[in-house]
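Accompanying notes for the structure given below.
Numbered from 1 within each chain, the chains take letters A, B, ... in sequence-line order.
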Amino acid sequence: MSSNIQLRLPDGSVREVPAGTTGHEVAASIGKRLAQDALAVKLDGEIYDLSRPLTQSGSFGVITPRSREGELNADGLYVLRHSCAHVMAEAICRLWPEAKLVYGPPVEGGYYYDIDLPHKISAEEFAKIEAEMAKIVAEQRPFTRVELPRAEGMSKVQAEGNPYKVDNAQRAEGDVLSFYVTGARIGQDFEDLCRGPHVPHTGKIGAFKVTSVAGAYWHGDANQQQLQRVYGTAFPSQKDLDEHLKRIEESQKRDHRLLGKQLELFHIDEAVGQGLILWKPNGAVVRKELQKFIGEELAKHGYHEVFTPHIGKLDLYRTSGHFPYYSDSQYPPVVMREELSKLADEKCSCADLAHKLEAGEIDGYLLKPMNCPHHIKIYASQRRSYRELPLRLAEFGTVYRWEQSGELNGMTRVRGFTQDDAHLFCTEEQVAAELRGCLDLVKTVFRTLGMQDYRVRVGLRDPASTKYTGAPELWEKAEHACREAAKHLGAKFTEEPGEAAFYGPKIDFVVKDVIGREWQLGTVQVDYNLPQRFELSYIGSDNQAHRPVMIHRAPFGSLERFVGVLIEHFAGAFPFWLAPIQVRVANITDKQEEACRQVEAACRSAGLRVDSDLGHGKINAKVAAAEQEKIPYLLVVGEREAQSGSVAVRERGRKNLGEMKLEAFLERARAAVSARRLEGIATE
RNA sequence: GCCACCCUAGCUCAGCUGGUAGAGCAGCGGUUUUGUAAACCGCAGGUCGUGGGUUCGAGUCCCACGGGUGGCUCCA
């Protein structure tokens with residue numbers, strides 16, 4: 001006989017209902033309005049259809065589009081978008097009956113559906129798809145869950161002849177397979193193999209939009225068939241959708257590629273090469289200030305700066321493992337002329353050449369893909385005592401990697417970049433303390449720049465992969481060290497197998513760009529392998545040779561990517577200490593030209609980056625220009641100021657701060673710059 | 001690298017179904033002498049990414065290449 005279950009509601013009260021009661025019934029018993037608004041229910045963290053009979057006790061909540069405070073509910077959006085994916089799939093199947101559906105989950109910001117269809121869907125056809133979707137939504141058809149025993153379900157899927165769904169069914173867990181029918185007429189209405197859950201009916205999808213289409217490999221495998229991935233999004237109301245689209249549009253104005261051009265920060269020229277950054281004077285200022293900043297931090301932390309060349313012999317990278325492990329993502333090796341002509345005489349083919357390079361029969365040079373081998377050779381250039389350790393070698397080292405053309409992206413994914421790199425050589429006992437020091441440094445960097453919105457990822461090796469070098473025991477040790485260090489960080493972190501470097505695990509700081517893509521910035525990596533490959537040693541207090549441990553770390557990651565992310569973080573409005581032009585002087589009329597020149601000179605000798613706008617335009621135009629160029633301070637000099645030796649200070653985005661003596665401004669400016677204050681000269 | 005789309009003046013963009021290019025801003029020259037987000041007039045500026053092809057005729061249609069955008073894959 002059916003017993004009762006206890007549902008603990010969000011307000012803490014407990015409701016006892018007979019097992020088998022549906023979510024909808026529970027919602028209705030709480031309130032009519034709630035039952036009307038409900039999209040689904042959540043029981044112990046699992047989301048269920050409103051129509052699903054509930055069979056176990058647990059903490060229970062009704063999912064509605066918005067919270068009581070009026071905020072959109074993440075679970076609600078999840079279910080809504082999943083349902084919308086079904087509606088879109090049905091619309092596409094109506095338009096192109098030969099379409100084979102593959103997989104259509106909700107994702108952050110919307111949903112997609114992977115579809116195998118010979119006809120290539122174009123952006124012009126989105127309206128057509130949306131029109132079909134609108135019909136389905138208007139019909140308010142219920143989503144009906146149908147469960148079949150596994151064997152019966154499998155034969156049903158097989159009978160339909162869609163190999164992708166057969167594959168999905170085979171991968172599905174449990175002894176029943178569930179299908180969702182968009183409608184009540186089972187066997188006639190559109191249906192899809194699906195785990196659910198779904199909203200009660202299509203009418204709950206208040207507003208939707210098909211947003212883009214792209215290629216995607218089946219199972220995410222580049223060797224598999226390429227499918228069409230149609231993206232869309234859905235919201236409870238048109239207003240929500242409009243706000244969402246508006247937000248996207250606004251955030252795209254912060255795109256570093258756009259601002260990089262507008263603010264003359266950097267340029268990429270196809271004549272130079274894809275993914276190779278030309279830093280224009282304004283961008284160079286930002287980079288130099290960051291380098292100065294990190295340089296000061298390094299000095300405080302006992303680092304030694306070194307310089308090494310951009311290339312090295314191939315053998316060096318054979319020893320390190322970079323060449324054999326990553327030859328596909330390197331610029332091709334530089335082979336000497338005599339060697340090439342000799343090979344040409346021997347009728348050596350390109351394939352032969354590649355093979356000989358691989359086998360080590362030909363030497364050559366490689367644009368360095370990493371700085372570590374060079375730093376290792378500095379370490380190894382003399383006998384090391386334990387008294388020298390930890391030895392911390394730092395360099396703004398430029399490296400080159402042949403990234404796939406489709407991956408290149410402004411400054412965030414490039415082929416030549418400069419790492420704020422350092423390699424720490426230490427004893428086993430020093431690893432933990434050194435790791436903590438590195439992580440503190442990364443935190444200092446992020447804090448100084450006001451970047452709070454990052455996540456921490458501990459990248460571990462994927463046991464199934466063969467791309468890693470070194471003994472499992474060493475990996476165990478290194479991974480343990482990373483975990484411990486991450487715990488000390490005091491921030492949440494996730495452990496991700498498969499994200500390690502080929503020589504060791506790492507702790508990465510990951511941020512998002514304006515369109516939601518994640519980029520790895522700062523990184524700290526523990527390495528037991530390269531010291532072994534290069535047979536590094538130091539003499540311990542016992543007068544015996546020991547193997548040091550290496551730590552690779554780069555708080556910025558690369559200056560290119562970091563500056564790219566920073567441009568977006570500040571929307572181009574760099575803090576005072578970083579701004580390419582910190583101060584602009586502007587006159588009201590020609591009569592103050594000389595006074596302006598004097599103010600400009602005074603600013604310059606105070607160490608500020610300053611220019612002046614002495615054109616014949618109105619002050620309004622000069623203000624507008626300074627705002628658009630995102631210059632932190634505009635010093636206006638009119639008749640009054642010229643007389644009294646003062647300036648009218650306008651702070652970027654903040655209107656007029658009023659008149660102050662030039663000396664007072666300079667004093668405050670100097671203090672703000674040397675403290676690298678994010679808020680400029682304004683005092684609390 | 002793969003799929004789709006895009007490439008017109010320094011920048012942002014217009015140019016319907018093929019009839020040999022247009023605006024705003026920036027620039028330059030004048031006029032205006034101006035008080036916190038854009039004064040006015042004029043001038044100049046493009047072999048329409050490159051190379052082929054179709055056509056009497058191509059910015060517009062087709063092909064190849066280069067570059068870019070979105071996604072996939074990759075990312076030491």
Check: What residues form a side chain to side chain contact (heavy atoms under 4.5 Å, CB included) with A:Asn282, not counting sequence neighbours?
Finding: A:Glu264, A:Leu265, A:Pro580

Check: Between A:Tyr503 and A:His552, is the ring centre distance below 6.0 Å?
Finding: yes

Next item on the list: Sticking with atom C1', work out how far B:C13 lies from B:C7, rounded to a whole angstrom.
Entry: 13 Å

Next item on the list: Step through it carefully: locate the ring centre of A:Phe562, locate the ring centre of A:Phe556, and say whether they are under 6.0 Å apart.
Entry: yes

Note to self: Rounding to an integer number of angstrom, what distance separates B:G52 and B:G45 when you compare their P atoms?
What the structure shows: 26 Å

Check: How far, in whole Å, is B:C75 from B:G67 if one measures between their C1' atoms?
Finding: 22 Å

Item checked: Face-to-face stacking of A:Tyr326 with B:A76, centres under 5.5 angstrom, angle under 30° -> yes

Next item on the list: Give a yes or no on whether a donor-acceptor pair under 3.5 Å exists between the nucleobase atoms of B:C75, that is its base, and the side chain of A:Arg401.
Entry: no

Next item on the list: Would you give a per-nucleotide map of nucleotides 64-72 of chain B, 5' to 3', where B means the base has a protein non-hydrogen atom under 4.0 Å away, S means only the sugar-phosphate does, and - means neither?
Entry: --SSSSBBB

Next item on the list: Determine yes or no for a side-chain-to-main-chain donor-acceptor pair under 3.5 angstrom, with A:Arg401 supplying the side chain and A:Pro369 the backbone.
Entry: yes

Notebook entry, point to check: Over how many whole Å does the gap from A:Phe126 atom CZ to B:A4 atom P extend?
Noted result: 13 Å

Check: Do A:Arg640 and A:Glu659 pass the salt bridge (charged side-chain N to carboxylate O under 4.0 Å, His left out) test, and can you show the C-alpha distance, the side-chain angles, and the key distance before you say yes or no?
Finding: CA-CA 10 Å; A:Arg640 289 197 304 276; A:Glu659 239 178 276; 3.5 Å; yes

Checklist line | For atom CD of A:Gln419 and atom P of B:C75, their distance in whole Å | finding: 16 Å

Next item on the list: Would you check if the side chain of A:Glu434 reaches a backbone N or O of A:Val431 as a donor-acceptor pair within less than 3.5 Å?
Entry: no

Check: Taking the six-membered ring for Trp, are the ring centroids of A:Phe502 and A:Tyr326 within less than 6.0 Å of each other?
Finding: yes

Margin query: Regarding A:Ala648, tell me which of base, sugar-phosphate or nothing describes its non-hydrogen contacts under 4.0 Å with the strands shown.
Written below: base

Note to self: When the P atoms of B:A21 and B:A37 are compared, how many Å lie between them, rounded to an integer?
What the structure shows: 42 Å

Margin query: Of the options B:A76, B:U36, B:A39, whose atoms approach the side-chain atoms of A:Val636 most closely?
Written below: B:U36

Note to self: Generate the contact string for nucleotides 5-12 of chain B. Rules: B means base contact, S means sugar-phosphate contact only, - means no protein heavy atom under 4.0 Å.
What the structure shows: ------SS

Notebook entry, point to check: Could you state the CD-C1' distance from A:Glu651 to B:U36, rounded to the nearest angstrom?
Noted result: 14 Å

Checklist line | Same-atom distance (P) from B:A4 to B:C48, integer angstrom | finding: 27 Å

Check: Has the side chain of A:Arg413 got a donor or acceptor that lies under 3.5 Å from a partner of the other kind on the base of B:C74?
Finding: yes

Note to self: Counting only heavy atoms not in A:Lys280 (residues, nucleotides, ligands), do more than 12 fall under 6.0 Å from its NZ?
What the structure shows: yes

Under-3.5 Å N/O pairs linking protein and nucleotides 23-34 of chain B:
unit_1	atom_1	unit_2	atom_2	d
B:U32	O4	A:His616	ND1	2.8
B:U33	O2	A:Asp590	N	3.2
B:U33	N3	A:Asp590	OD1	3.4
B:U33	N3	A:Asp590	OD2	2.8
B:U33	O4	A:Asp590	OD2	2.8
B:U34	N3	A:His616	O	3.1
B:U34	O4	A:His616	O	2.3

Note to self: Taking B:C40 as the reference, what is the distance to B:G24 when you measure between their P atoms (whole Å, please)?
What the structure shows: 12 Å

Check: Which residue, A:Pro369 or A:Gly653, contacts RNA chain B at a nucleotide closer to its 5' end, judged by nearest heavy atom?
Finding: A:Gly653

Next item on the list: Check the side chains of A:Gln520 and A:Lys506 for a donor-acceptor pair under 3.5 angstrom, ignoring hydrogens and angles.
Entry: yes

Next item on the list: Just call it for A:Glu641: base, sugar-phosphate, or nothing, with non-hydrogen atoms closer than 4.0 Å on any strand.
Entry: base

Next item on the list: Kindly indicate, with the supporting measurements, whether the criterion side-chain hydrogen bond (donor to acceptor under 3.5 Å, both in side chains) is fulfilled by A:Thr308 and A:Lys368.
Entry: CA-CA 10 Å; A:Thr308 69; A:Lys368 67 177 171 184; 2.8 Å; yes

Check: Once you round it to whole Å, what is the distance between P of B:A76 and CD of A:Gln520?
Finding: 7 Å

Checklist line | Ring-face cation of A:Arg415 near A:Trp402 (centre distance under 6.0 Å, axis angle within 45°) | finding: yes

Check: What is the distance, rounded to the nearest whole Å, between atom CG of A:Asp527 and atom C1' of B:A76?
Finding: 11 Å

Notebook entry, point to check: If you measure from the P atom in B:G68 to the same atom in B:G29, how many Å do you get, rounded?
Noted result: 36 Å

Notebook entry, point to check: Is there side-chain contact between A:Met133 and A:Cys84, with at least one heavy-atom pair below 4.5 Å?
Noted result: yes

Check: Rounded to whole angstroms, how far apart are CZ on A:Arg457 and P on B:C75?
Finding: 11 Å

Item checked: Whole angstrom value for the distance that separates C1' of B:A76 from CG of A:Asp508 -> 11 Å

Check: So what does A:Gln224 hit on the nucleic acid, given a heavy-atom distance under 4.0 Å: a base, only sugar-phosphate, or nothing?
Finding: nothing

Notebook entry, point to check: Taking it one step at a time, do A:Glu495 and A:Arg457 satisfy salt bridge (charged side-chain N to carboxylate O under 4.0 Å, His left out)?
Noted result: CA-CA 6 Å; A:Glu495 293 187 16; A:Arg457 172 177 73 195; over 6 Å; no

Notebook entry, point to check: Is the cationic atom of A:Arg461 (NZ for Lys, CZ for Arg) positioned less than 6.0 Å from the six-membered ring centroid of A:Tyr468 and within 45 degrees of its normal?
Noted result: no

Checklist line | Bracket notation of RNA chain B in which parentheses pair within the strand, [ ] cross earlier pairs, and | pairs with another strand (Watson-Crick or G-U, under 3.5 Å) | finding: (((((((..((((.....[..)))).(((((.......))))).....(((((..]....))))))))))))....

Next item on the list: Kindly check if the number of other-residue, nucleotide or ligand heavy atoms within 6.0 Å of CZ (A:Phe396) is above 12?
Entry: yes

Item checked: All salt bridge (charged side-chain N to carboxylate O under 4.0 Å, His left out) counterparts of A:Glu593, not counting sequence neighbours -> A:Arg597

Check: Quick one: A:Ile631 CD1 to B:A37 P, roughly how many Å, whole number?
Finding: 15 Å

Next item on the list: Among the candidates B:G1, B:A76, B:U36, find the nucleotide nearest to the side-chain atoms of A:Asn620.
Entry: B:U36

Notebook entry, point to check: Would one find a side-chain N or O of A:Arg650 under 4.0 angstrom from OP1 or OP2 of B:A37?
Noted result: yes

Item checked: Pairwise C1' distance for B:U36 and B:G27, with rounding to whole Å -> 25 Å

